[in-house]
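Input: a single structure, listed below in structure tokens.
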Amino acid sequence: MAEENGFTDVGPLELPPAVGNGFPLPPPPIYSCTLTPELVAKAREELQEKPEWRLRDVQALRDMVLKEQPNLRTRLDDAFLLRFLRARKFDYDRALQLLLNYHASRRTWPEVFQDLRPSTVKHVLDSGFLTVLPHPDPQGRYVLCLQPGESWCLHGQVYSAEVQQPTKKW
């Protein structure tokens, strides 16, 4: 499967540099949940994340990566893999596909991920392309809006976009 999808080399590693002269890397840190009790309840309800199964689920995804993508150079620590599981509601297959897509994006557009800091994307934020609505929604979440304007360029092609003003007020 790795060869079919072309995911054998992802470019620069996200792994920490080796310690000493040929000594093995230290073990990854043990995951410690930092979610508030409210967020634990929300994760259980919306993501089917059960604290008692969390490490088992992370290990299952880690095993899938090692078995199905043995040449994929990626981080395998609990906190990193948990991001992909949460993003796909603990569906192992979909989480693995998201991880593969993440690495494909890093390989395809290395300039986007290289030196990624707020200061490097300040010009995009200042252009008004991305804005945050001034008030959160009823659940307290802030809403990010993309406003490309009348026309914008993506990969050398110009697209027209009609951006409507939000009509719903929270």
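A quick note: this is a predicted structure, and the numbers were derived from the prediction, not measured.
- Of the charged side-chain nitrogens involved, at least one lies within less than 4.0 Å of a carboxylate oxygen, so that E52 and R44 count as a salt-bridged pair.
- The closest side-chain heavy-atom distance from Y102 to F84 is below 4.5 Å.
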I would like to know whether R86 and R54 meet side chain to side chain contact (heavy atoms under 4.5 Å, CB included); could you show each step before the answer?
-> CA-CA 10 Å; R86 285 178 172 156; R54 187 182 294 127; 4.0 Å; yes
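- The line from OH of Y92 to CD of E68 is 13.0 Å long, rounded to the nearest 0.5 Å.
- Cluster annotation: L85 and L55 are assigned to the same hydrophobic cluster (Ile/Leu/Val/Met/Phe/Trp/Tyr, side-chain heavy-atom contacts under 4.5 Å, transitive).
- Using a 4.5 Å cut-off on side-chain heavy atoms (C-beta onward), L82 and Y31 make contact.
- Q59 and D63 share a side-chain donor-acceptor pair at under 3.5 Å.
- Y142 OH to L133 CG: the interatomic distance, rounded to the nearest 0.5 Å, is 10.5 Å.
- Looking only at distances, a side-chain donor or acceptor of S105 sits under 3.5 Å from a matching main-chain atom of N101.
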Could you please spell out the steps behind the salt bridge (charged side-chain N to carboxylate O under 4.0 Å, His left out) verdict for D78 and R62?
-> CA-CA 9 Å; D78 295 349; R62 183 180 296 115; 2.3 Å; yes
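- Atom CG of D91 sits about 10.5 Å away from atom CD of Q48, to the nearest 0.5 Å.
- Between the CG atom of L100 and the OG1 atom of T74 there is a distance of 9.0 Å, given to the nearest 0.5 Å.
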Between F80 and R83, is a side chain to side chain contact (heavy atoms under 4.5 Å, CB included) present by the stated rule, with each step listed?
-> CA-CA 6 Å; F80 184 74; R83 296 175 193 171; 3.7 Å; yes
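- To the nearest 0.5 Å, atom CG of residue D93 and atom CG of residue L98 are 12.5 Å apart.
- L76 is listed as a side-chain neighbour of L66, based on a closest heavy-atom distance under 4.5 Å.
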Give the C-alpha distance, both sets of side-chain angles, the deciding distance and a yes or no for salt bridge (charged side-chain N to carboxylate O under 4.0 Å, His left out) between E49 and K42.
-> CA-CA 9 Å; E49 177 179 342; K42 187 172 185 168; over 6 Å; no
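- Residues K50 and R56 are not in side-chain contact: their nearest non-hydrogen atoms beyond the backbone lie 4.5 Å or more apart.
- Two residues are said to be in side-chain contact when any heavy atoms from C-beta on lie closer than 4.5 Å; V132 and C145 fail this criterion.
- We find the CG-CG distance between L72 and L99 to be 5.5 Å, quoted to the nearest 0.5 Å.
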